[in-house]
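Counting starts at 1 for both ligands and their atoms, in listed order.
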Amino acid sequence: MTAPHLAITYGDVAAAHDRIREAAHRTPVLTSRTADALTGAQLFFKAENFQRMGAFKFRGAYNAISQFTAEQKRGGVLAFSSGNHAQAIALAARELSVAAVILMPQDAPQMKIDATRGYGAEVVLFDRYKEDREALATRLATERGMTLIPPYDHPHVMAGQGTAAKELIEDAGELDILVVCLGGGGLLSGCAVAARALNPNIAIYGVEPEAGNDGQQSFRSGSIVHIDTPCTIADGAQTQHLGNFTFPVIRSLVDDILTVTDDELVQTMKFFASRMKIVVEPTGCLAAAAVLQGKLDVKGKRVGVILSGGNVDLARFAKLTLGEAV
Ligand SMILES: *Cc1c(COP(=O)(O)O)cnc(C)c1O
C-alpha cells in the first residue's frame, strides 16, 4: 500500500515558521514540579494562552493571509467564526494591512463581537436560525472579491498551527509523547507533521471532549464521522467533523484520540490557576486534562502538552472554577 498524499509536509511547517516569526510570539514552555510529581513524568507545557490574541490560531491565520496574492490582498479576507479563529483572522489581517470581514451569529457573546471589531475587522451579523452561513459567506466572497479562510481545513492554516509543536520540541528537546487539543484537527495535524519529522519515534495523541468524540470515532473507523454540535464547556472543540485535509494527516501520523469529560476540564483549569498561576480556557485544557487525570500512561516519559488558548471571560472562569452551575 502506498502512503496517502498528505496536505502538508514538514517543509510547509518550517516555511510557515519563517513567515510568522516576525509577528507571532514564541510562547514559553512551562514546567511544574507539582505536575511532574502528580504524573511521574517530565511535562513540558507549550503555553499558547500567551500567544497574540490568546490562542494558537494566530499562527495559522497569519500564515494563510501572508500568502495571499496582491489581488487577494486587495479583496480582503473573510471568515466565519464566533471564537478564536475570528479574532486570529482579524488581528493577522490588520498586521498585514488586509481588510477583514467576520461573519458572526447575532447571538454571539458581545465581548467576542467587540474583541473582533477591536482588532479592526468588519463584523457582519447573521441570524443562524434563518440564514445559511455558508451561502452567505459564498455570496459575500463573490460580491466583494474576498478570500474565505476556514478555521482548520486548509493547508496553510494547518502548517501555521504546526509551528507550535516545532517550537516546543526545539525548546524542550526530544520528547517521548506529544498531547494536543482536538477540534477540527488543524492544530493536531500540523503538530503531528512537525513532531513526527523532528522526533520520528514520538507517540502523538489528540484529545477531544467526551461529549463530542467524532474525532475518536473517525480515527478508529477510518472515515470521517459527523455528529450534532456537542454540548460541552470546550467551546473551541464543538466541531461536528474533522476536515478532508486534516483527517488523512491525523489518521496516518497520530497514535490515538482520547477523550476527557467537562468535569476533568474544570479540574485542570483549577490546577493551572491555583498551582501554575495561569488562565487556560476549557478547550485549552483538553490535552493537559488527559495527562493530569491519568488517561495516558506517561510515567518516566518526557511529555509535550499543548495548552491551546486562554480566552475565557472572567465571569465564566470564576463560575467554572468555583463550581457553580453555568
Ligand atoms: C480552535 C481551538 C482548538 C481546536 O483546534 P482545531 O484546529 O480546530 O482542532 C483548541 N483549542 C483552542 C483554544 C482553540 O481556539
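- Take Gln240 and apply the side chain to side chain contact (heavy atoms under 4.5 Å, CB included) test, not counting sequence neighbours, and it matches Thr229.
- For Glu22, the side chain to side chain contact (heavy atoms under 4.5 Å, CB included) test picks out Tyr62, with sequence neighbours left out.
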Discussion item. Could you walk me through whether Phe272 and Phe45 satisfy the ring pair (Phe, Tyr, Trp, His ring centres under 6.0 Å) test, starting with their C-alpha distance in whole Å, then the side-chain angles of each, then the deciding distance to 0.1 Å, before giving a yes or no?
Written reply: CA-CA 11 Å; Phe272 284 125; Phe45 296 104; 5.5 Å; yes

What donor-acceptor contacts under 3.5 angstrom involve side-chain atoms of residues 273-280, with partners at least two apart or in another chain?
from	atom 1	to	atom 2	distance (Å)
Ser274	OG	Lys270	O	2.8
Lys277	NZ	Ser274	O	2.5

Distances only, to 0.1 Å: what are the N or O pairs between ligand 1 and the protein that fall under 3.5 Å?
from	atom 1	to	atom 2	distance (Å)
ligand 1	7 (O)	Gly186	N	2.9
ligand 1	7 (O)	Leu187	N	2.9
ligand 1	8 (O)	Gly184	N	2.8
ligand 1	9 (O)	Gly183	N	2.8
ligand 1	9 (O)	Gly184	N	3.1
ligand 1	9 (O)	Gly185	N	2.7
ligand 1	11 (N)	Ser308	OG	2.6
ligand 1	15 (O)	Lys57	NZ	2.7
ligand 1	15 (O)	Asn84	ND2	2.8

Fill in: Evaluation steps, side-chain contact (heavy atoms from CB on, under 4.5 Å), between Ile89 and Gln87
CA-CA 6 Å; Ile89 289 288; Gln87 292 174 53; over 6 Å; no

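- Side chains of Lys166 and His17: a donor-acceptor N/O pair is present below 3.5 angstrom, by distance only.
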